[in-house]
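What's counted below: heavy atoms across the whole structure, side chains too, no hydrogens, waters or symmetry copies. We name chains A, B, ... by the order of the sequence lines, and we start the count at 1 in each one.
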Amino acid sequence: MRTTAFHLVTRKETPQDAEIISHQLMIRTGMIRKLGAGLYTWAPLGLKVLQKIENIIREEMNAAGALEMLMPAVQPKELWQETGRIEDFGGQLLAIHDRAERDYFFGPTHEEVITDFVRNEVNSYKQLPINFYQIQTKFRDEIRPRFGVMRSREFIMKDAYSFHLNHESLVETYEKMKLAYTNIISRIGLDFRCVLADSGAIGGSGSQEFHVIADSGEDAIMYSETGEYAANLEKCEAVGLLDSRAAATAEIEKIHTPEQKTIDSVAAFLQVDKTQTIKTLLVAGVDEPVALVVRGDHSLNEVKANNLASVASPLRMLDDDEIKAVAGCDAGSIGVKGFKGHVVVDRTVANMSDFICGANENDYHFTGVNWDRDASFDEIQDIRDAQVGDPSPDGVGTLNVARGIEVGHIFQLGNKYSKAMNAVVLNEQGKSQAMEMGCYGMGVTRMVAAAIEQNHDDKGIIWPANIAPFAVAILPMNYQKSERVRRTADELYESLTSQGIEVILDDRKVRPGFMMSDFELLGIPHQVIIGDRALDENEVEYRNRTDMESIRVSRDTINDFLAEQIKA
RNA sequence: CGGAACGUGGCGCAGCUUGGUAGCGCACUACAAUGGGGUUGUAGGGGUCGGAGGUUCGAAUCCUCUCGUUCCGACCA
């Protein structure tokens with residue numbers, strides 16, 4: 001490709017509305033352009049990268065035995081009524097209708113459609129297991145799209161759905177998909193981690209997420225520093241920190257604590273460590289208000305709380321008026337002693353003694369509180385966020401934290417959808433049986449952004465070799481006037497192209513500095529600078545985008561040299 | 001959805017307080033010089049100021065409504 005025949009529009013200035021580096025660089029290089037909130041046009045340059053990622057995904061999915069197909073993006077509302085997921089997805093569903101006022105959703109995911117397809121196509125256990133996938137545009141009406149294509153509303157996802165006669169078969173395919181995902185992200189060239197995850201609105205029994213490690217990641221990944229354990233913070237088990245409850249040593253005492261409304265201020269006021277205090281949070285429950293109790297220095301894990309049977313879903317904190325009605329005081333003084341309602345305590349809290357809590361009366365706290373003697377709880381649950389330094393749940397090492405970008409999520413769905421939609425097969429005994437399902441998502445457009453987050457410097461993108469839009473950039477100095485430079489550049493271009501190497505030759509009439517800056521921004525892995533200066537010695541210059549060190553290479557051997565570099 | 005801000009050529013911004021029918025940088029076009037790190041000069045093209053309504057002799061500027069965008073919080077590939 002010659003730049004004059006390509007669409008290359010770079011920008012020197014950082015766009016004002018781009019927060020993170022990948023978004024900035026994608027706009028500056030001209031890979032994407034914004035059409036509206038969370039809507040992006042993929043320019044030819046961006047699409048090249050996107051398609052490379054798609055192809056890697058295809059190859060690995062095919063190799064893992066999955067079958068590519070394509071389902072409609074627009075889905076009849078009736079399908080969603082069958083599974084009752086309209087509520088789960090809520091406002092994220094883009095509702096549309098046709099001229100006859102029939103209702104549709106623009107698909108945010110395709111469990112319903114595939115299950116409908118399979119219930120009609122698959123009738124016998126002999127057709128199982130089977131795994132279908134597609135690479136397709138999805139739409140989720142995100143409340144807050146941001147970070148360019150990292151969290152856009154319209155995006156491209158690879159989604160796969162597997163069907164099985166039994167759980168063992170599901171697990172087998174699940175493991176295959178896990179391996180395929182590992183291969184895909186490795187081939188793309190990114191540093192990632194597979195972690196335990198909450199299944200959220202998709203549902204099912206078990207799931208794992210694939211996170212590309214990057215400081216700008218929206219998720220916190222907890223991992224054992226010395227072991228194998230890794231989990232999304234929202235899923236990461238927080239072990240109880242006290243082995244057993246010490247005997248009570250203090251008498252309960254009501255203390256006047258004027259204007260002390262936060263754990264920090266109460267602890268400072270009473271001159272105790274925050275670990276001696278507890279925090280009581282009131283949320284809406286299924287039957288009655290629920291008090292969720294965590295240690296003062298811990299934070300409530302809302303995903304875990306949301307998953308509790310006694311807690312109303314979605315999780316909702318009581319507002320000031322409700323708190324007053326339930327506890328008889330304001331939010332800063334709630335406590336467990338005398339609390340009327342369902343009380344859920346964190347594992348750590350269950351083992352505390354002589355602790356401090358609110359007195360359910362404004363400006364008063366209790367000290368020396370002890371379970372059984374002074375207060376009681378209904379359940380012990382893991383409801384807090386794990387913290388750096390906590391013991392790893394698998395007993396190996398302690399936890400540390402990293403930021404991650406979720407690029408993939410695999411689920412063991414079980415029969416949630418097949419039961420709801422009556423997707424059954426006849427088993428060997430001729431009996432009707434709901435199929436077991438797995439589903440496996442991967443954010444294709446997000447992967448592009450994640451790759452940039454992980455591979456850039458102050459000059460621009462540094463593409464991993466397997467997804468670079470071009471492998472080689474030929475940068476001729478004074479292409480327009482120097483016959484010699486022009487001929488050398490053209491010859492090299494033809495030669496590399498004929499070998500199937502993707503080359504971009506910058507034949508624009510621009511100054512050297514401009515051209516070099518542009519290609520540093522674009523991040524093409526291998527760059528060849530052709531100028532009269534080196535040609536005087538029958539040489540050209542080679543630079544690798546990673547280290548940017550110039551190497552003089554003979555004009556006669558540059559072709560082989562490049563082929564070697566690309567292979568390496 | 002709650003909180004904040006912004007909307008002026010393709011991009012980044014000034015002008016708005018103290019109304020008098022638009023300006024700067026980048027980009028773009030032409031010519032010339034330059035020719036190894038976003039060079040320089042000259043000459044150009046392009047906007048009626050998000051939209052609607054109002055106040056006024058007169059509105060980018062004041063008022064009202066509306067649409068859009070972005071940022072901070074709860075969701076997800």
Partner nucleotide, any strand, of C49(B) [Watson-Crick/G-U, under 3.5 Å]
none

Between E154(A) (CD) and A77(B) (P), how many Å, whole number?
17 Å

Any side-chain heavy atom of F147(A) within less than 4.5 Å of one from S22(A)?
no

Are the ring centres of W80(A) and F89(A) closer than 6.0 Å?
yes

Have a look at K34(A) and say if it touches a base, only the backbone sugar-phosphate, or nothing, with a 4.0 Å heavy-atom cut-off.
sugar-phosphate

side-chain hydrogen bond (donor to acceptor under 3.5 Å, both in side chains) between D506(A) and T3(A), worked out:
CA-CA 5 Å; D506(A) 196 353; T3(A) 46; 2.8 Å; yes

Strictly by Watson-Crick or wobble contacts shorter than 3.5 Å, is anything paired with G44(B), and which nucleotide is it?
C28(B)

Taking CD from E142(A) and P from C71(B), how many angstroms apart are they, rounded to a whole number?
13 Å

Would you mind pulling out the nucleotide paired to G7(B), Watson-Crick or G-U wobble, both distances under 3.5 Å?
C67(B)

When you measure from the centre of the six-membered ring of Y104(A), is the NZ or CZ of K77(A) closer than 6.0 Å and no more than 45° off the axis?
no

Pair partner, G23(B) [Watson-Crick or wobble, under 3.5 Å]:
C13(B)

Could you tell me whether N478(A) contacts a base, only the sugar-phosphate backbone, or nothing, with contacts defined as non-hydrogen atoms closer than 4.0 Å?
base

Look at all strands and tell whether E209(A) reaches a base, only sugar-phosphate, or nothing, counting heavy atoms closer than 4.0 Å.
nothing

Taking the six-membered ring of Y493(A) (Phe, Tyr or Trp), confirm whether the NZ or CZ of R2(A) is under 6.0 Å from its centre and within 45° of its axis.
yes

Under 3.5 Å, is there an N or O donor on one side and an acceptor on the other linking the side chain of R151(A) and the base of C76(B)?
yes

Tell me: CZ of R153(A) to C1' of A77(B), nearest whole Å?
17 Å

What is the distance, to the nearest angstrom, from the CZ atom on R146(A) to the P atom on C76(B)?
13 Å

Answer whether the closest heavy-atom distance between the side chains of I410(A) and K178(A) falls below 4.5 Å.
yes

Just checking S152(A): base, sugar-phosphate only, or nothing, at a heavy-atom cut-off of under 4.0 Å?
base

In whole Å, what is the span from the CZ atom of R316(A) to the C1' atom of G73(B)?
17 Å

Can you check each nucleotide of nucleotides 36-46 of chain B against protein heavy atoms at under 4.0 Å and return B for base, S for sugar-phosphate only, - for none, in 5' to 3' order?
BBBB-------

If you apply the rule salt bridge (charged side-chain N to carboxylate O under 4.0 Å, His left out), what do you find for D159(A) with K138(A), and how did you get there?
CA-CA 10 Å; D159(A) 45 326; K138(A) 307 288 191 221; 2.9 Å; yes

Of A37(A) and E218(A), whose closest RNA chain B nucleotide lies nearer the 5' terminus?
A37(A)

Partner nucleotide, any strand, of A77(B) [Watson-Crick/G-U, under 3.5 Å]
none

Nearest-nucleotide check on RNA chain B, G38(A) vs F210(A); residue mapping nearer the 5' end is G38(A)

Kindly say if Q16(A) contacts the phosphate of U70(B), meaning a side-chain N or O under 4.0 Å from OP1 or OP2.
no

